[in-house]
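Written out below as structure tokens is the structure these notes cover.
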Amino acid sequence: EVRLGQWIREGNRGTEFMGKTVGIIGYGNMGSTFAQRLRGFGVKIFAYDKYKVGFGNKCVNESNMEEIFSEADVLSIHLPLTAETEFLVNDSYLHRFRKNIYLINTARGRCVKTDDLVKNLKSGKVLGACLDVNEYEDSSFERLTPGLTAKEMSENETWNYLIHSDKVILTPHIAGWSHESNEKMARVLAEKILTTFGSQRA
């Protein structure tokens, strides 16, 4: 806007994170790392993991889904894609939240039913969405689903809403994708290989 010579102050008034409740679904490496990053923002953190217990601490409330449905202002998804999690976040799931929420998905696109997300963005139940992944993403993470042509995607009403809505931020599966993280991944892999094959030689 500024580059276009537009000086819109009131229209860009923000909403503060401080005092809000963030619900984290999935508390593995990514979910727990996200919780660490949130600590300086003055938010309450409620986390739920169906397969993990005993992880709560002074900064993170180990919760159940009912508490998250009741308290969350922001929902962040950190789940693998399985038969159990595919389209977990759908219309009925979103309507279980007591408040209108913001949705963040940096996990897998098909954890969220996109048509239902758009329906709830339009109604205001979902105030905004940050999507690093999406339902139409190819499993290689490098392009949109190869089964859909560019023409078909251009005619897809749901996709068109996402790419044109000012309530949606879209990124190309790059959460945590940095030069530094690339080096860290290489180091971890090298250490695992050395540990595995080194112990076999011994």
Side-chain angles (χ1 to χ4, degrees), residues 21-35 45-53 62-177:
T21 297
V22 179
I24 296 175
I25 309 300
Y27 203 73
N29 290 332
M30 297 305 293
S32 58
T33 299
F34 181 57
I45 303 170
F46 283 45
Y48 170 72
D49 192 311
K50 184 176 180 179
Y51 299 102
K52 193 172 183 180
V53 295
E62 185 176 338
S63 306
N64 56 49
M65 277 309 307
E66 291 310 314
E67 288 179 305
I68 291 175
F69 286 138
S70 175
E71 300 300 325
D73 299 287
V74 179
L75 177 68
S76 189
I77 307 297
H78 300 273
L79 298 169
L81 181 60
T82 66
E84 188 176 29
T85 64
E86 186 171 27
F87 299 138
L88 171 73
V89 181
N90 57 25
D91 188 49
S92 61
Y93 183 94
L94 291 169
H95 277 274
R96 294 182 70 184
F97 285 87
R98 182 173 60 87
K99 305 176 189 177
N100 297 338
I101 63 166
Y102 292 92
L103 174 69
I104 302 169
N105 187 11
T106 57
R108 291 293 182 264
R110 290 178 69 85
C111 291
V112 176
K113 183 66 177 169
T114 315
D115 286 342
D116 291 355
L117 171 61
V118 166
K119 174 184 175 181
N120 284 277
L121 282 162
K122 288 178 177 178
S123 74
K125 182 63 188 176
V126 176
L127 299 168
C130 301
L131 306 175
D132 186 52
V133 291
N134 71 77
E135 180 182 338
Y136 309 110
E137 185 178 344
D138 181 40
S139 59
S140 71
F141 314 135
E142 293 179 357
R143 58 188 178 275
L144 294 178
T145 305
L148 294 174
T149 66
K151 183 175 186 298
E152 287 171 326
M153 285 305 297
S154 71
E155 294 172 351
N156 182 309
E157 288 183 20
T158 299
W159 178 245
N160 273 298
Y161 179 88
L162 290 181
I163 62 176
H164 292 109
S165 174
D166 60 3
K167 295 181 179 180
V168 179
I169 295 173
L170 296 168
T171 51
H173 206 134
I174 56 167
W177 193 254

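In this structure, the side chains of Asp91 and Lys119 come closer than 4.5 Å at one or more pairs of heavy atoms. Residues Glu135 and Glu86 have side chains not in contact (no heavy-atom distance under 4.5 Å, counting atoms from C-beta outward). No side-chain heavy atom of Trp177 sits less than 4.5 Å from a side-chain heavy atom of Thr171. The closest side-chain heavy-atom distance from Asp49 to Glu62 is not below 4.5 Å. Contact annotation: the side chain of Val126 never approaches that of Phe97 to less than 4.5 Å [non-hydrogen atoms, C-beta and beyond].
The distance from atom OH of Tyr27 to atom CD1 of Ile45, rounded to the nearest 0.5 Å, is 7.0 Å. Note that CD1 of Ile101 is 12.5 Å distant from OG1 of Thr21, once rounded to the nearest 0.5 Å. The CG atom of Asp115 sits 8.5 Å away from the CZ atom of Phe87 when rounded to the nearest 0.5 Å. Going from atom CD1 of Ile68 over to atom CD1 of Ile25 covers 3.5 Å, rounded to the nearest 0.5 Å. Interatomic distance, CG of Asp132 versus CZ of Arg108, reported as 10.0 Å (0.5 Å rounding). Put simply, OG1 on Thr114 and CG on Leu131 are 7.5 Å apart, with the number rounded to the nearest 0.5 Å.
Annotation: Ile169, atom CD1; neighbour count of heavy atoms from other residues, nucleotides and ligands within 6.0 Å does not exceed 12. Within 6.0 Å of NZ in Lys125 there are more than 12 heavy atoms belonging to other residues, nucleotides or ligands.
A pairwise comparison of heavy atoms in Ile163 and Leu170 identifies CG2-CD1, 3.8 Å as the closest pair. In terms of heavy atoms, Cys111 sits closest to Pro80 at SG-O, 4.0 Å. Nearest heavy atom pair, residue Ala107 against residue Val133, reads O-CG1, 3.6 Å. Residues Phe34 and Ile104 come closest through the heavy atom pair CZ-CD1, 4.3 Å.
Applying the side chain to side chain contact (heavy atoms under 4.5 Å, CB included) criterion to Ser165, with sequence neighbours excluded, gives Tyr161, Lys167, Val168.
Remark: side-chain polar atoms of Ser123 are paired, donor with acceptor, to backbone N or O of Asn120 under 3.5 angstrom.
When only modelled atom types and interatomic distance are considered, Asn29 and His78 share no side-chain donor-acceptor pair under 3.5 Å.
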| field | Arg110 vs Glu137, side-chain contact (heavy atoms from CB on, under 4.5 Å): CA-CA, chis, key distance, verdict | value | CA-CA 9 Å; Arg110 290 178 69 85; Glu137 185 178 344; over 6 Å; no
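The pair Arg96-Glu66 meets the salt-bridge criterion, with a side-chain N (NZ, NE, NH1 or NH2) lying under 4.0 Å from an Asp/Glu carboxylate O.
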